[in-house]
Engineer: 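Sharing a structure with you now.
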Amino acid sequence: MATPDETLSHPHRAWLAENLLRGVPAEKARETLVAAGVPDALAAAAIRETLASPVFEGARRLLREGRRHMQIVGLRRAVATEAEPRLAVDVRTDLEPEAFYAHYYGPGRPLKLEGFARDWPAVRTWSPQFFADRFGDVEIEYVAGRNAVPDYDRATPSLSRRAPLRDYIAQVLEAGESNDLYFVANNHNLERPAFEPLWADLRYPAGILDPKRRQKTASLWIGPAGTVTPLHHDTCSVFFVQICGRKRFRMAPPTETRLLERATAMYADVDPEDPAGPAADLDFAVVDVGPGDVLFIPVGWWHHVRALDVSVSVAMAGFTRPNWFDWYRPGSVAP
């Protein structure tokens with residue numbers, strides 16, 4: 001029998017609790033501890049103590065709840081795979097609001113609306129040169145030096161610079177293919193009073209988007225070909241409108257829980273473009289959007305975005321239904 005002054009080390013106790021919770025038989029756990037140099041009597045006593053602990057019992061109840069939720073997620077993923085072995089995004093040209101909410105917003109299914117916004121004034125008139133000519137003197141915020149920082153998207157505040165929009169557009173047009181500078185959502189440029197006239201060039205499809213909810217629910221991107229937004233999910237659904245140029249999205253559903261193994265906050269440290277990386281055995285839907293196309297991105301869906309051309313884009317989130325899920329942050333769940 002273990003003497004009172006004999007105790008199991010903290011790492012051994014943590015290992016023991018974790019493995020017992022994972023279902024490792026007590027005898028197998030004892031043999032492993034003994035093989036690691038723990039006296040047999042001490043290992044047996046630690047196992048008895050752990051199994052009898054009210055803390056362990058509480059952890060087991062929480063684990064049971066988590067496993068039930070994971071089975072629900074696993075079932076959804078398995079059924080979806082059987083229905084459509086290759087992940088794909090529906091493509092339509094138009095959609096009534098009732099059908100949109102019933103078949104896409106509610107179930108959380110992405111949708112490409114091809115040419116849906118082609119008649120919007122923004123699609124007909126906006127371009128980098130349009131912004132330089134009409135708003136060239138407006139001081140904006142943009143991000144520079146992204147190539148030097150691995151987590152460049154999360155480093156937006158520290159990489160942000162200010163300049164007249166005319167000067168920024170000149171950099172964009174001279175950059176060629178580059179991820180080093182970008183005018184992104186987190187620069188909040190669309191909220192600047194000087195850009196108020198831009199709202200007249202956007203449309204709010206009746207029954208889908210609410211013009212009364214436009215404030216702080218729309219974002220503007222302008223950048224060269226080659227800009228990348230790394231794999232992440234949002235805490236709201238997004239009506240993404242491509243104004244000028246083309247972008248390529250790689251998307252995966254929230255049920256792809258393997259991405260959570262490499263997630264921090266809303267980002268996953270996975271590059272879907274790397275065929276030899278951690279994403280090699282994951283299935284991503286690939287969707288290209290061009291001028292006038294709209295991509296509905298449901299809340300929680302992972303997406304990686306690359307600009308194929310000099311690009312202008314607007315994301316709108318002011319839906320007529322509730323669209324605030326800031327509590328959804330599985331990558332931030334504490335261990």
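If you're wondering where the values come from, they're calculated on a predicted model, not measured in any experiment.
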Engineer: Give the minimum heavy-atom separation between Ala200 and Pro121, together with the two atoms involved.
Structural biologist: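 Where Ala200 meets Pro121 most closely, the heavy atoms are O-CG, 4.4 Å.
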Engineer: Looking at Phe284 versus Phe249, is the centre-to-centre ring distance below 6.0 Å?
Structural biologist: no
Engineer: Is the shortest side-chain heavy-atom distance between Val238 and Met316 below 4.5 Å?
Structural biologist: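 Val238 does not reach Met316 side chain to side chain.
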Engineer: So, Arg214 and Glu196, do they make that salt bridge, N to O below 4.0 Å?
Structural biologist: yes
Engineer: So, do Phe183 and Trp221 have ring centers that fall under 6.0 Å from each other?
Structural biologist: no
Engineer: Suppose we call two aromatic rings close when their centres sit under 6.0 Å apart. Are Tyr182 and Tyr142 close by that rule?
Structural biologist: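 They do not qualify: ring centres at least 6.0 Å apart.
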Engineer: Going from NE2 on His10 to OG1 on Thr7, what distance comes out if it is rounded to the nearest 0.5 angstrom?
Structural biologist: 12.0 Å
Engineer: Do Val38 and His12 pass the side-chain contact (heavy atoms from CB on, under 4.5 Å) test, and can you show the C-alpha distance, the side-chain angles, and the key distance before you say yes or no?
Structural biologist: CA-CA 9 Å; Val38 177; His12 279 145; 3.7 Å; yes
Engineer: Starting at OG of Ser53, measure out to CG of Leu20 and round the result to the nearest 0.5 Å.
Structural biologist: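 Going from the OG atom of Ser53 to the CG atom of Leu20 covers 11.5 Å.
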Engineer: Under 3.5 Å, side chain of Thr229 to main-chain N/O of His304, donor-acceptor pair present?
Structural biologist: no
Engineer: So Ile222 and Leu220, side-chain contact (heavy atoms from CB on, under 4.5 Å) or not? Walk me through it.
Structural biologist: CA-CA 7 Å; Ile222 303 175; Leu220 177 64; 4.3 Å; yes
Engineer: Cut-off 3.5 Å, side chains only: do Asn187 and Ser160 have a donor facing an acceptor?
Structural biologist: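 Their side chains do contain a donor-acceptor pair, which is all the 3.5 Å distance test asks for.
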Engineer: Take Leu33 and Leu16 through the side-chain contact (heavy atoms from CB on, under 4.5 Å) test and state the conclusion after the steps.
Structural biologist: CA-CA 8 Å; Leu33 287 172; Leu16 177 60; 4.2 Å; yes
Engineer: Cation over ring, Arg154 on Tyr267, under 6.0 Å and within 45°?
Structural biologist: yes
Engineer: Could you tell me which non-hydrogen atom of Pro197 sits nearest to which non-hydrogen atom of Ala194, and how far apart they are?
Structural biologist: CD-O, 3.4 Å
Engineer: Any side-chain to backbone donor/acceptor pair from Asp274 onto Ala276? Under 3.5 Å, distance only.
Structural biologist: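 Yes, Asp274 side chain to Ala276 backbone: donor-acceptor pair under 3.5 Å.
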Engineer: Could you walk me through whether Glu141 and Asn189 pass the side-chain contact (heavy atoms from CB on, under 4.5 Å) check?
Structural biologist: CA-CA 7 Å; Glu141 187 175 276; Asn189 286 306; 4.0 Å; yes
Engineer: Are the charged groups of Glu18 and Arg13 less than 4.0 angstrom apart, N to O?
Structural biologist: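 Between Arg13 and Glu18 there is no salt bridge, as every charged N stays at least 4.0 Å from the carboxylate O atoms.
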Engineer: Does Tyr101 have Arg321 sitting over its ring (NZ/CZ under 6.0 Å from centre, angle to axis within 45°)?
Structural biologist: yes
Engineer: Would Asn19 and Arg22 count as having a side-chain donor-acceptor pair, cut-off 3.5 Å?
Structural biologist: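 Checked: Asn19/Arg22 side chains show no N/O donor-acceptor pair below 3.5 Å.
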Engineer: Does the Asp293 side chain pair with the main chain of Gln242, one donor and one acceptor, at a distance under 3.5 Å?
Structural biologist: no
Engineer: Where is the tightest heavy-atom contact between Leu260 and Gly331, given as atom of each residue plus distance?
Structural biologist: CD2-N, 4.3 Å
Engineer: Examine distances only and state if a side-chain atom of Thr50 and a backbone atom of Ala46 form a donor-acceptor pair shorter than 3.5 Å.
Structural biologist: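 Looks like yes, one N/O pair under 3.5 Å.
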Engineer: In the single-linkage hydrophobic clustering (I, L, V, M, F, W, Y; side-chain heavy atoms under 4.5 Å), do Val91 and Phe116 co-cluster?
Structural biologist: no
Engineer: Measure from the ring center of Tyr168 to the ring center of Phe131 and say whether it is less than 6.0 Å.
Structural biologist: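 When the ring centroids of Tyr168 and Phe131 are compared, they turn out to be at least 6.0 Å apart.
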Engineer: Regarding Trp126 and Asp201, is there a side-chain donor-to-acceptor distance under 3.5 Å anywhere?
Structural biologist: yes
Engineer: Do Phe135 and Leu173 sit in one hydrophobic cluster, given that two such residues count as connected whenever their side-chain heavy atoms are within less than 4.5 Å of each other, even indirectly?
Structural biologist: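 Yes; tracing contacts between hydrophobic side chains, which count when under 4.5 Å, links both residues.
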Engineer: Under the 3.5 angstrom rule, does the side chain of Asn323 hit a backbone N or O of Ala317 as a donor-acceptor pair?
Structural biologist: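 The answer is yes, because a donor-acceptor pair under 3.5 Å joins these two groups.
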Engineer: Taking all heavy atoms of Pro272 and all of Leu231, pick out the closest pair and write down the distance.
Structural biologist: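 Closest heavy-atom pair between Pro272 and Leu231: CG-CD1, 4.1 Å.
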Engineer: Salt-bridged, Asp281 to Arg258, with N to O below 4.0 Å?
Structural biologist: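 The answer is yes: the pair qualifies as a salt bridge.
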Engineer: Could you state whether Val89 and Trp301 fall into the same hydrophobic cluster, counting links through intermediate Ile, Leu, Val, Met, Phe, Trp or Tyr residues with side-chain heavy atoms under 4.5 angstrom apart?
Structural biologist: yes
Engineer: Taking Glu49 for its side chain and Ala52 for its backbone only, find out whether a donor-acceptor pair lies under 3.5 Å.
Structural biologist: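 Not a single qualifying donor-acceptor pair exists.
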Engineer: State whether a side-chain donor-acceptor pair under 3.5 Å links Asp167 with Gln171.
Structural biologist: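 Gln171 and Asp167 do not have a side-chain donor-acceptor pair below 3.5 Å.
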Engineer: Please check if atom CH2 in Trp199 has more than 12 non-hydrogen atoms from other residues, nucleotides or ligands closer than 6.0 Å.
Structural biologist: yes
Engineer: Above 12 or not: heavy atoms from other molecules or residues under 6.0 Å from CD of Glu57?
Structural biologist: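 Yes.
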Engineer: Flag the pair Asp137 and Arg166 as a salt bridge only when some basic side-chain nitrogen lies within less than 4.0 angstrom of an acidic carboxylate oxygen.
Structural biologist: yes
Engineer: Give a yes or no on whether a salt bridge exists between Asp288 and Arg248, defined as a side-chain N under 4.0 angstrom from a carboxylate O.
Structural biologist: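 Judged by the 4.0 Å cut-off on N to carboxylate O distance, Asp288 and Arg248 do form a salt bridge.
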Engineer: Between Ala307 and Pro224, which heavy-atom pair has the shortest distance, and what is it?
Structural biologist: CB-O, 3.7 Å
Engineer: Between Arg92 and Glu114, does at least one N-O distance fall below 4.0 Å, as a salt bridge requires?
Structural biologist: no
Engineer: For the aromatic rings, using the six-membered ring if either is Trp, is the centroid distance between Phe296 and Phe240 under 6.0 Å?
Structural biologist: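 No, ring centres 6.0 Å or more apart.
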Engineer: Spell out, as yes or no, whether a donor-acceptor pair under 3.5 Å connects the side chain of Arg203 to the backbone of Asp119.
Structural biologist: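 Flag not set: sc Arg203 to bb Asp119 has no pair under 3.5 Å.
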Engineer: Calculate, to the nearest 0.5 Å, the distance between atoms CG and CG belonging to Asn186 and Leu159 respectively.
Structural biologist: 12.0 Å
Engineer: Could you pull out all residues at least two apart from His233 that satisfy ring pair (Phe, Tyr, Trp, His ring centres under 6.0 Å)?
Structural biologist: Trp302, Tyr328
Engineer: Taking atom CZ of Arg161 as the centre, does the number of heavy atoms from other residues, nucleotides or ligands within less than 6.0 Å exceed 12?
Structural biologist: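 More than 12 heavy atoms, drawn from other residues, nucleotides or ligands, come within 6.0 Å of this atom.
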Engineer: So, does Asp283 use its side chain to make a donor-acceptor pair with the main chain of Leu87 at under 3.5 Å?
Structural biologist: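 Here the side-chain-to-backbone pair exists.
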Engineer: Quick check against the 3.5 Å criterion: does Asp210 have a side-chain atom that pairs as donor or acceptor with the backbone of Gly318?
Structural biologist: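 No, because the side chain of Asp210 does not come within donor-acceptor range (under 3.5 Å) of the backbone of Gly318.
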Engineer: Should Glu65 and Arg68 be marked as a salt bridge (Lys or Arg N to Asp or Glu O under 4.0 Å) after you check the CA-CA gap, both sets of side-chain angles, and the distance that decides it?
Structural biologist: CA-CA 5 Å; Glu65 180 181 344; Arg68 287 169 175 165; over 6 Å; no
Engineer: Distance-only, no hydrogens or angles: does the Glu98 side chain make a donor-acceptor pair with backbone N or O of Phe100 under 3.5 Å?
Structural biologist: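 No, Glu98 side chain to Phe100 backbone: no donor-acceptor pair under 3.5 Å.
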Engineer: Indicate the ring-plane relationship of His303 and His232, choosing parallel, tilted or perpendicular according to the 30° and 60° boundaries.
Structural biologist: tilted
Engineer: For the pair Glu27 and Arg30, find out whether any cationic side-chain nitrogen is under 4.0 Å from an anionic carboxylate oxygen.
Structural biologist: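 Looking at Arg30 together with Glu27, the answer is yes, because their closest N to O distance falls below 4.0 Å.
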Engineer: Please name the pair of heavy atoms, one in Ala155 and one in Val149, separated by the smallest distance, quoted to 0.1 Å.
Structural biologist: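 Heavy atoms of Ala155 and Val149 come nearest at CB-CG1, 3.9 Å.
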Engineer: Passes salt bridge (Lys or Arg N to Asp or Glu O under 4.0 Å), Glu273 versus Arg250? Steps please.
Structural biologist: CA-CA 9 Å; Glu273 295 181 316; Arg250 286 176 167 84; 3.4 Å; yes
Engineer: Using the side-chain contact (heavy atoms from CB on, under 4.5 Å) definition, which of the options Val241, Thr93, Val289, Leu95 pairs with Leu113?
Structural biologist: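 The passing option is Leu95.
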